[in-house]
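Read through the structure below, which is laid out as structure tokens, and then see the notes.
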Number of protein chains: 2
Amino acid sequence: MSSLNDVARRAGVSIATVSRVINKGSNVNEETRAKVLKAIKELKYQPSRVAKRLRSKSASSNLIGLLIPDIQNPFYVDVLRGVEDVAYENNYAIIMCNFAQDEKKEKMYLDILQQESIDGLIAAPAHEKDPNVIKLLNDGLPIVCVDRGLTGKDVDVVVVNNRDGAYVAVDHLIKSGYKRIAYISGQKQIPSSKYREMGYRDAIEDNGMQVDVELIKYGDSKHRSGVELCEELLAMANPPDAIFTGNNLITLGALETIHKRELRIPEEVAIVGFDDMMWSISLNPPLSAVRQPAYEIGKRACELLIQRISDPKRSPIQMTLNTKLILRKSC
Amino acid sequence: MSSLNDVARRAGVSIATVSRVINKGSNVNEETRAKVLKAIKELKYQPSRVAKRLRSKSASSNLIGLLIPDIQNPFYVDVLRGVEDVAYENNYAIIMCNFAQDEKKEKMYLDILQQESIDGLIAAPAHEKDPNVIKLLNDGLPIVCVDRGLTGKDVDVVVVNNRDGAYVAVDHLIKSGYKRIAYISGQKQIPSSKYREMGYRDAIEDNGMQVDVELIKYGDSKHRSGVELCEELLAMANPPDAIFTGNNLITLGALETIHKRELRIPEEVAIVGFDDMMWSISLNPPLSAVRQPAYEIGKRACELLIQRISDPKRSPIQMTLNTKLILRKSC
DNA sequence: CTTAAAAATGTAAACGTATAGGTTTTTATT
DNA sequence: AATAAAAACCTATACGTTTACATTTTTAAG
């Protein structure tokens, strides 16, 4: 790789001139510019982003970090796509960090991101008091949180109305005549799980029914816990006639268990949960679901981040997007 | 962020000493080391990976690039997970580049990766002559190709036996009594599509049947083309009684079309295709598929890359993993 | 006690860029 | 033609490391 110096020597000018040609381009003779451009082409010169970053911390590194808990979850893949599209349009590259719900891993990744002196971070924190993310925030790094906020911290957040999404789904279940509705929750400590439980409880109570805590199961937001907790539910003496699931992986796991038991959906047990997927319609039966605008969450988050990078003083925004209940055949 | 200089001043030593403490640690007095370590802790010093990279190009940046054509495809998500797990174990971070089958985007990303002076790259090239990837290879960057190789280039490659995978699936279809078997291919120019077509053709001919080119449809490897090409197939005067699909997105698209036409699977039309998914069993009907060890592909690729980074002279390896036909209810 | 060898530490240059401030050349004004 | 102003260009420095080499201190040997 050739450097500014090589180009300068070849063009017979100083590196400052070359730099000026490359950047703004003010105050440089047309003839000189041509010479420099020619040299650049001949040497296939590519500026070193590394040197650029080192030189001026203020200058953009055009690098943003994306910290997500579980890339296996299609929801985050869609968020990623939204982030990526906006990042690309704005000439940013993404360092993708999947911490797989492991705080040690999360810390390592965040350290790396800081050491890389990224311009900003889009993060779904492990929980609301995530010390690793808070540290970076306190260090002044531009951050946008997605899917969950940071308690007591003034930070840009893009979330979905989890409580209402859950409410609408469970309310629909009740209005459809289901009496014993279970909830398989994701990790108890993450805000979205809490809000979804809140919506679940409110819907039941608002319809004059009683919440039965036996019907609430807490897992870890992954496929496996969907399988197992659904099994527990169905093995009860008095099993539920409908299940509300906390996310897509849980839904898929629960579905698997229901099929293994050869129960008819929705006649013997109905199911509806968070997160729609492109292929939900091809499942057996076509799955009803609470759709989160995942792509848009990512898109908005990245827009907010780029704004914040260019204007760190701007006061934080909390953006709440709405969910939509997609009715198909499973409830 | 404090620098080496800050630490040195605080500990009352020179920056060289601090550097030595941090790195190998040879030739440094215990007392001094303690002082330095204390200062590092107090200042929360974190080395700048940027400066490190700039200083010594030979030294590892602990950054690898991952270039994939379509993050929306669960296959690549699994590859990513494999890469990521190995990268994490070896203290590498990943710059994720999803070029979405857009060569302009691919070029931009590869430029960025080079400008970031990454240690190495794992790439699924756009096609076998992908000039962007070849350029980096010629520049001496350690590269491992996944899913597809680079014609005429001696490079590490991790692929799956696409021809055999297709052969086994189509052969099974024929042995099960299907007579008119269609193939919905992904992008024609990518090697995996070609090899799958080869397996498809061979299986038909080896069974004494004739290949009907009307039954081969070429698309772009995405969901939409699965939907549309399947529609074309089913609208034929003499439609196929079984469909072999080129990848998971195509399969899902085709499935959607079959359902829309309310055809029974496999009685009216059978379907089997490349790529198994965790939730294939929950589809309607539970989907038979040619499973690629996607996670392992990523894992192996990353292992190879790390080897190559530490030993650039090692002669390239072509690793071929095997597929497995998973039989469920769709054929 | 010398003195040589070994250990510990320091100095300074380099990586590739941006840029402040200075110098030279060109252009415009009188 | 002299001079001021503007344009073009250059020199030198800083960013935060690593490392070759120089220097100082400690240890060991005679």
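In what follows, chains are A, B, ... by sequence order, proteins preceding strands, each numbered from 1.
- In terms of the side-chain hydrogen bond (donor to acceptor under 3.5 Å, both in side chains) criterion, residue partners of Glu116(A) (sequence neighbours excluded) are, by chain and number, Arg53(A), Arg49(B), Arg53(B).
- Rounded to whole angstrom, the span from the CD1 atom of Ile15(A) across to the P atom of dG16(C) amounts to 11 Å.
- Backbone-only contact: Gln46(B) has heavy atoms under 4.0 Å from sugar-phosphate atoms and none from a base.
- A salt bridge links Glu42(B) with Arg10(B); the closest basic N to acidic carboxylate O contact falls under 4.0 Å.
- Backbone-only engagement by Ser3(B) is indicated by non-hydrogen atom pairs under 4.0 Å involving sugar-phosphate atoms exclusively.
- Applying the salt bridge (charged side-chain N to carboxylate O under 4.0 Å, His left out) test to pairs two or more places apart or on separate chains, those with a residue in residues 87-105 of chain B are Glu84(A)-Lys105(B), Asp85(A)-Lys105(B).
- Remark: Glu296(B) engages Arg300(B) in a side-chain hydrogen bond (donor to acceptor under 3.5 Å, both in side chains) (not counting sequence neighbours).
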With 3.5 Å as the limit, what N/O pairs link the protein to nucleotides 7-9 of chain D?
unit_1 : atom_1 : unit_2   : atom_2 : d
dC9(D) : OP1    : Thr32(A) : OG1    : 2.2
dC9(D) : OP2    : Asn29(A) : N      : 2.9
dC9(D) : OP2    : Thr32(A) : OG1    : 3.3

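- Rounded to an integer number of Å, the gap from CD1 of Ile22(A) to P of dT19(C) is 12 Å.
- Evaluation of the side chain to side chain contact (heavy atoms under 4.5 Å, CB included) rule for Lys299(A) yields Val86(A), Tyr295(A), Glu303(A) as partners, not counting sequence neighbours.
- Comparing dT17(D), dT17(C), dC15(D) by their closest approach to the side chain of Lys52(A) singles out dT17(C).
- Under the side chain to side chain contact (heavy atoms under 4.5 Å, CB included) criterion, Ser310(A) pairs with no residue, sequence neighbours left out.
- Both Ala51(B) and Ala16(B) sit near DNA chain D, but only Ala51(B) has its closest nucleotide nearer the 5' end.
- Nucleic acid contact class of Asn5(B) (heavy atoms, under 4.0 Å, all strands): none.
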